[in-house]
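Note on naming: letters A, B, ... go to the chains in the order of the sequence lines (proteins, then strands), and numbering restarts at 1 for each one.
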4 protein chains.
Amino acid sequence: MARPINEEKRQERRSRILEEAVVLFAENGYSNTTTALIAQGVGVTPGTIFQYFPSKEALFYAAVLEPLADIQAKSLACLKQEGTPSELIKNMVEEQFNHIYCYTNELRLVQYVLGQRIRFPELTQKVLESTKVMTDTIECVYAKGQLMGEFNKSFSPAMISRAYISLLNGVGLTLGKNIIHHPEWGNLKEHALYLFAPTQPKEKAREFE
Amino acid sequence: MARPINEEKRQERRSRILEEAVVLFAENGYSNTTTALIAQGVGVTPGTIFQYFPSKEALFYAAVLEPLADIQAKSLACLKQEGTPSELIKNMVEEQFNHIYCYTNELRLVQYVLGQRIRFPELTQKVLESTKVMTDTIECVYAKGQLMGEFNKSFSPAMISRAYISLLNGVGLTLGKNIIHHPEWGNLKEHALYLFAPTQPKEKAREFE
Amino acid sequence: MARPINEEKRQERRSRILEEAVVLFAENGYSNTTTALIAQGVGVTPGTIFQYFPSKEALFYAAVLEPLADIQAKSLACLKQEGTPSELIKNMVEEQFNHIYCYTNELRLVQYVLGQRIRFPELTQKVLESTKVMTDTIECVYAKGQLMGEFNKSFSPAMISRAYISLLNGVGLTLGKNIIHHPEWGNLKEHALYLFAPTQPKEKAREFE
Amino acid sequence: MARPINEEKRQERRSRILEEAVVLFAENGYSNTTTALIAQGVGVTPGTIFQYFPSKEALFYAAVLEPLADIQAKSLACLKQEGTPSELIKNMVEEQFNHIYCYTNELRLVQYVLGQRIRFPELTQKVLESTKVMTDTIECVYAKGQLMGEFNKSFSPAMISRAYISLLNGVGLTLGKNIIHHPEWGNLKEHALYLFAPTQPKEKAREFE
DNA sequence: TATGAATGAGTGTTCATTCAT
DNA sequence: GATGAATGAACACTCATTCAT
């Protein structure tokens, strides 16, 4: 009987540690983040960390992969709802550009890993696999959209999905904390959609002309 | 009395150290790169590094900023040649997408810094200043191009330049060593140009249809 | 939860480190004393030192100032007891000449600092402040003694206190480990008292004549 | 023919190095003084030092012993002039108290060595031998003075000479750069003489009463 | 289960000394 | 003779990890 409650507490504390780890690893990098600092942020003593994660490395892995899985799941969910391909893509772009804001640190961490592939080969591998699922799904939806005449047929779906993911990553990287409040933020999001070359962005386009 | 011009030799060795530093910092991050490793890579003993750079930090600064200045200079040169705005932009895109390949490590290093702004505030500042010069110049050329009817007038130049820089960064980040040989590489480069919404990509577009 | 009172153990170990540091700093100087050597002397590993003192410099400061405070307190106590000024001075001289023996290293350390004022400006400052309290008190007691006719009125108290402190320091410096067993030790101590020019050292003086 | 001139230049430069070394060793201690700093002070390059002294240690030895020999010679000369013992002693005190001012650094260096006997056993040995010559001579003169009735016969010459040397050392140590301008400086010098317990300081003493 | 003191290998940096020029 | 770049051993300090309490 006592167990379930304890188990709950354990999970809660584990989450707190992970949360703190994400922030600190993202801000300071792996080596420059001490386990003691993470512990301090969580409000526990240095030894405690090692009761939840076998090593600093394991904690880092979890800090990178667990949030990524969450984010991917949400993004994929957008593409698996009901709706025309162009609607799905639009929803996904919307969702992901919001992620950039909500999950800044989580995404930075992923980029941090991708930037140092040789250093973190195993993690890079997993992150790329996860990204591949994403691009594959986008490609699939996009190709369907092309067939339905919703997207310009002259572009290769593989290229389009890569270009979009690149833009998404680049936006997170180049823009600072206050992206959302940037005057160009809304336009940038729309331009991400433009990248997909939808066939009728006419109504929109006219407004500006 | 005074030794002749070994100033030349000094510069040469300094460059060798910087070069090695760029590679190792980019691959392993700041803390995980030991000065001894850099020295070893160059083929000198640990102490020698400090005859050329006062500290590891100073070496890192130089490794980030000096190549960046080079790259920026080359990119800006493209935009200041003779030609119509659309030609200039096209040249720049061409030039920069090649940079991604030649200067992989140099660019990764810049992204590494931007990913950890709190950790490297001074460097971030300088990198952003450097980037601003770039985006400002692009904006300027782009606006001129819009007036001349070469680009779609419905997009804000500020947004366009940001979107392009983001894409550029994202491409460097998401794609691996062998980008150039990737089947989609050529298409991706063209799509970067498409992002600028030129008004006559017609001839091209037709080919694929 | 919180461990009980190992505060006691901490203090004990801190004292052991300080003690060892005093000995080694006094014998070898600051730079030539490695923290590893101190650790070894205490019987702990190098890292442990830094759990008790934030830096080698801080340890040095403590090694200089803490014992000095102790010694000063004991000396001042002599001058604040009941008794005529000449009795107080006599007690103090007695007490301090014994200190030279017991606290050889502690005093050497103080002299080491005073000898390198430019190198240790902050410490010098504090040591001089501490010394000033001592000379001021001696002056005060001495002046009272002069008024009561116990000391020769022709000498300035400020000069006398300085001369005494100088002699005391010089004795510590010039004489070696085995001062106490030196045949002139007893006489030297008495001569320190003679320096104060008491008006009735007659009985004593006669003995020798 | 060319040789003598070069030899002269060599000696001059050697002296300059030694001079600079005395100042820096006295101010910063042995380990904290780099040979490069000495070289810089002299205005030569690091390697040059080693053309005049085989090692840093040898330079230190010379910096301690050579000036000491000078000072001792001058002091001893005072005691070997014509005159009554009390006159000789008086001259010597005068001479030495001036040394404290002129040779601050040279004397500090000697005290620095004496404070770290275990670290510099050989040097300590030589310094003590040199000091012994001094105290022995003083004892000798003092004893003669006692026989002639110039000094109080109740004090042991051995003790008196030690007390004086101690005071001398202590004065150099406790007082700062501006001793000479200190209001008590003159009185202090006189009190050093008082320490010898001359039999007719009466005229002086009366003045103050 | 949490604690937090101890560990000890690892890193940036310094510096006396050498030696080719 | 003077130079000054290179050397490489040494040291202060850090930090992931352990373990007795």
Side-chain angles (χ1 to χ4, degrees), chain A residues 6 9-10 13 30-40 43-60, chain B residues 1-4 6-7 9-10 13 30-39 42-60, chain C residues 1-4 6-7 9-10 13 30-39 42-59, chain D residues 6 9-10 13 30-39 43-60:
Chain A
N6 281 345
K9 272 193 177 174
R10 262 194 85 81
R13 182 161 280 187
Y30 179 76
S31 301
N32 204 38
T33 300
T34 69
T35 52
L37 199 66
I38 295 170
Q40 195 191 33
V44 297
T45 48
T48 305
I49 298 285
F50 294 88
Q51 301 234 331
Y52 291 85
F53 297 91
S55 68
K56 186 188 180 184
E57 210 185 342
L59 173 56
F60 183 66
Chain B
M1 286 279 169
R3 213 89 65 76
N6 23 21
E7 189 55 30
K9 272 195 175 174
R10 266 193 82 82
R13 182 156 280 186
Y30 180 77
S31 301
N32 204 39
T33 300
T34 68
T35 52
L37 200 64
I38 296 171
V42 177
V44 295
T45 46
T48 304
I49 298 285
F50 295 90
Q51 294 231 339
Y52 293 85
F53 297 91
S55 67
K56 185 186 179 183
E57 208 186 343
L59 172 56
F60 183 65
Chain C
M1 289 280 170
R3 213 89 65 74
N6 23 20
E7 189 55 29
K9 272 194 175 174
R10 267 193 82 81
R13 182 156 280 185
Y30 179 76
S31 301
N32 204 39
T33 300
T34 68
T35 52
L37 200 64
I38 296 171
V42 177
V44 295
T45 47
T48 305
I49 299 284
F50 296 91
Q51 294 234 339
Y52 292 85
F53 297 90
S55 67
K56 185 187 180 185
E57 207 186 345
L59 173 55
Chain D
N6 282 343
K9 270 194 178 173
R10 262 194 83 79
R13 182 161 278 186
Y30 179 76
S31 302
N32 204 39
T33 299
T34 69
T35 53
L37 199 64
I38 296 170
V44 296
T45 48
T48 306
I49 298 284
F50 294 89
Q51 301 232 333
Y52 292 85
F53 298 91
S55 69
K56 185 187 181 183
E57 208 185 344
L59 173 56
F60 183 65

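Between the OH atom of Tyr52(B) and the P atom of dG12(E) there is a distance of 19 Å, given to the nearest Å. Spacing between atom CZ of Phe53(C) and atom C1' of dA5(E) amounts to 15 Å, rounded to whole angstrom units. Straight-line distance from the CZ atom of Arg10(D) to the C1' atom of dA2(F): 11 Å, rounded to whole Å. Atom NZ of Lys56(C) is separated from atom P of dA10(F) by 15 Å (rounded to the nearest Å). In this structure, Asn32(D) atom CG and dC15(E) atom C1' are separated by 12 Å, rounded to whole Å. Separating the NZ atom of Lys9(D) from the P atom of dA2(F) is a distance of 9 Å, rounded to the nearest angstrom. One interatomic measurement links the two molecules: CD of Gln40(A) to P of dG4(E), which rounds to 13 Å at whole-angstrom precision. Distance, Leu37(A) CG to dG4(E) P: 17 Å, rounded to whole Å.
Pair assignment for dT21(E): dA2(F), on the basis of Watson-Crick or G-U wobble contacts that are both within less than 3.5 Å. Base pairing of dC15(E) is made with dG8(F), judged by Watson-Crick or G-U wobble geometry with both donor-acceptor distances under 3.5 Å. Across the strands present, dT14(F) finds its partner in dA9(E); the criterion is a Watson-Crick or G-U wobble pair with both atom distances under 3.5 angstrom.
Residue Thr48(D) holds its OG1 atom at 12.5 Å from CD1 of Ile38(D), rounded to the nearest 0.5 Å. Distance OH/Tyr30(C) to CD/Glu57(C): 5.0 Å, rounded to 0.5 Å. Between atom CZ of residue Arg13(A) and atom OH of residue Tyr52(A) there is a gap of 5.0 Å, rounded to the nearest 0.5 Å. Taking CZ of Phe50(B) as the reference point, atom OG1 of Thr35(B) lies at 4.5 Å (rounded to 0.5 Å). Interatomic distance, Ile49(A) CD1 to Gln40(A) CD, rounded to the nearest 0.5 Å: 11.0 Å.
Put simply, Thr48(A) has no side-chain N or O that comes within less than 4.0 Å of OP1 or OP2 on dA2(E). Of the side-chain N and O atoms in Arg13(A), one or more sit less than 4.0 angstrom from OP1 or OP2 of dA2(E).
The side chain of Thr35(D) has dA16(E) as its nearest neighbour among dA2(E), dA16(E), dA12(F). Nearest to the side chain of Phe50(B), among dC11(F), dT7(F), dT14(E), sits dT14(E). For Pro46(B), taking side-chain heavy atoms from C-beta onward, the closest of the listed nucleotides dG8(F), dT7(E), dA12(F) is dG8(F). Distance from the side chain of Ser55(A) is smallest for dT17(F) among the nucleotides dT13(E), dT17(F), dA2(F).
Looking at which nucleotide of DNA chain E each of Thr34(D) and Gln51(C) is closest to, the 5′-most match is held by Gln51(C). Of the two residues contacting DNA chain F, namely Tyr30(C) and Thr45(B), the nearest-nucleotide position lying further toward the 5' end is that of Thr45(B).
If you check every strand for non-hydrogen atoms under 4.0 Å, Thr33(A) touches sugar and phosphate atoms only.
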